[in-house]
Amino acid sequence: MPAAGHSVDEYLETIYFLAFPIGEYTPHGAGAPPLASRVAEMLHVSRASAGEMLKRLEAEGLVERGEHKEAILTPTGTERARKVVRKHRIIERLLTDFMGYTAAEAHVHADELGDTFTDDMVARIDERLGHPDRCPHGWPVDPEAEQAENRDLAPLSDLGPGDRATIVRLAEHDGALLHWFYDEGFVPGREIEVREAQPAAGQVTVRLNGDERAIGEKAAAGLFVRPA
């Protein structure tokens, strides 16, 4: 059985986001926490549960140990993870476009429904939806398109005072934060300007829709924008 109630595919989806620099987190670099800690944080499970699942994924040939013993996706694992990600994003569009769920609600339900949809079902849904380019939160449905777009984007937290940008994607894995983004109007397509950065206080002051507001470092790191 999957650790702590999460499926293999949910773990692969999480590791996929950790594997690329514009994903939910940046796992590489000096002092970066071990993968098990980042996975545990994102899935809200214990470090032991995450470690147990990583061992299972390694045994199944989906994950391998790198030069510094870090866990990385194998080519097989990467292919499967991208397939899972694409399925998730198409299901989200089904839930929002046809079933009336909000974008934030759709993410939660897509996780729950992912294993119940066959590849053929997903292909048919994609066709009926008209082959959408993006999920409701701005992520390209095609993971290859996502990777190509990454070089044009940056987390809002990387911008400085006076910088302007357009919100393109929202971090998904923290459900409470995702709901907050929508409640506060931080949605794909909106223009945003950094007014003041306060690293010591862990917050950034931004202008959105003519109003200035302070947002936390976590929120700023979860808004992926295209600088003007």
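Scope of the values below: all heavy atoms of this structure, side chains included, with no hydrogens, waters or symmetry mates.
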Do [X] and [Y] get their side chains close enough for a donor-acceptor pair, meaning under 3.5 Å?
X	Y	result
Thr166	Glu191	yes
His107	Tyr101	no
Glu92	His88	yes
Arg47	Ser37	yes

Exercise for review: Could you tell me whether a side-chain N or O of Asp111 sits under 3.5 Å from a main-chain N or O of Val108, the two making a donor and an acceptor?
Suggested key: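 Such a contact is absent between Asp111 side chain and Val108 backbone.
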If the threshold is 4.0 Å, N to carboxylate O, is there a salt bridge linking [X] and [Y]?
X	Y	value
Arg80	Asp9	yes
Glu184	Arg190	no
Asp126	Arg93	no
Arg195	Glu193	yes
Arg89	Glu146	yes
Lys83	Glu79	no

Mind listing the closest non-hydrogen atom pair of [X] and [Y] along with its distance?
X	Y	value
Leu62	Thr76	CD2-CG2, 4.0 Å
Ile125	Ile90	CG2-CG2, 3.6 Å
Leu208	Gly185	CD2-O, 3.6 Å
Leu159	Pro227	CD1-CG, 4.5 Å
Trp180	Ala219	CZ3-CB, 3.9 Å
Pro136	Pro188	O-CG, 4.2 Å

How many angstroms lie between [atom1] in [X] and [atom2] in [Y], if you round to the nearest 0.5 Å?
X	Y	atom1	atom2	answer
Cys135	Arg169	SG	CZ	9.5 Å
Glu60	Glu58	CD	CD	11.5 Å
Asp158	Leu153	CG	CG	11.5 Å
Met53	Leu43	CE	CG	9.0 Å
Ile91	Thr96	CD1	OG1	12.0 Å

Any chain of hydrophobic side-chain contacts (each under 4.5 Å) joining [X] to [Y]?
X	Y	value
Tyr16	Phe224	yes
Met42	Leu54	yes
Met121	Val141	yes
Ile215	Ile167	yes

Below 4.5 Å, heavy atoms only, C-beta onward: do [X] and [Y] meet side chain to side chain?
X	Y	answer
Leu57	Val8	yes
Leu12	Leu73	yes
Phe117	Arg124	no
Leu178	His137	yes
Gln203	Glu196	no
Leu170	Tyr182	yes
Leu156	Ile192	yes
Arg56	Glu52	no

Exercise for review: Kindly determine whether Leu95 and Leu113 satisfy side-chain contact (heavy atoms from CB on, under 4.5 Å), including the steps that lead there.
Suggested key: CA-CA 10 Å; Leu95 292 169; Leu113 294 170; 4.2 Å; yes
Review point. Given Phe186 and Leu223, is the side-chain contact (heavy atoms from CB on, under 4.5 Å) satisfied, shown in steps?
Key: CA-CA 8 Å; Phe186 291 95; Leu223 288 169; 3.7 Å; yes
**Study point:** Atom CZ of Arg207 with >12 non-hydrogen neighbours under 6.0 angstrom
**Key:**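 It does: Arg207 CZ has more than 12 such atoms within range.
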Check your understanding: Hey, is CD on Glu112 packed in by over 12 heavy atoms from elsewhere, all under 6.0 Å?
Key -> yes
Point to revise | Stepwise salt bridge (charged side-chain N to carboxylate O under 4.0 Å, His left out) test for Glu144 and Arg86 | key: CA-CA 10 Å; Glu144 290 188 10; Arg86 183 175 182 277; over 6 Å; no
Practice item. Could you give me the CA-CA distance, side-chain angles and deciding distance for Val45 and Tyr11, then say whether side-chain contact (heavy atoms from CB on, under 4.5 Å) is met? Key: CA-CA 11 Å; Val45 299; Tyr11 271 83; 3.6 Å; yes
**Study point:** Audit row: Glu217, Val204, side-chain contact (heavy atoms from CB on, under 4.5 Å) steps and yes/no
**Key:** CA-CA 7 Å; Glu217 183 178 3; Val204 177; over 6 Å; no
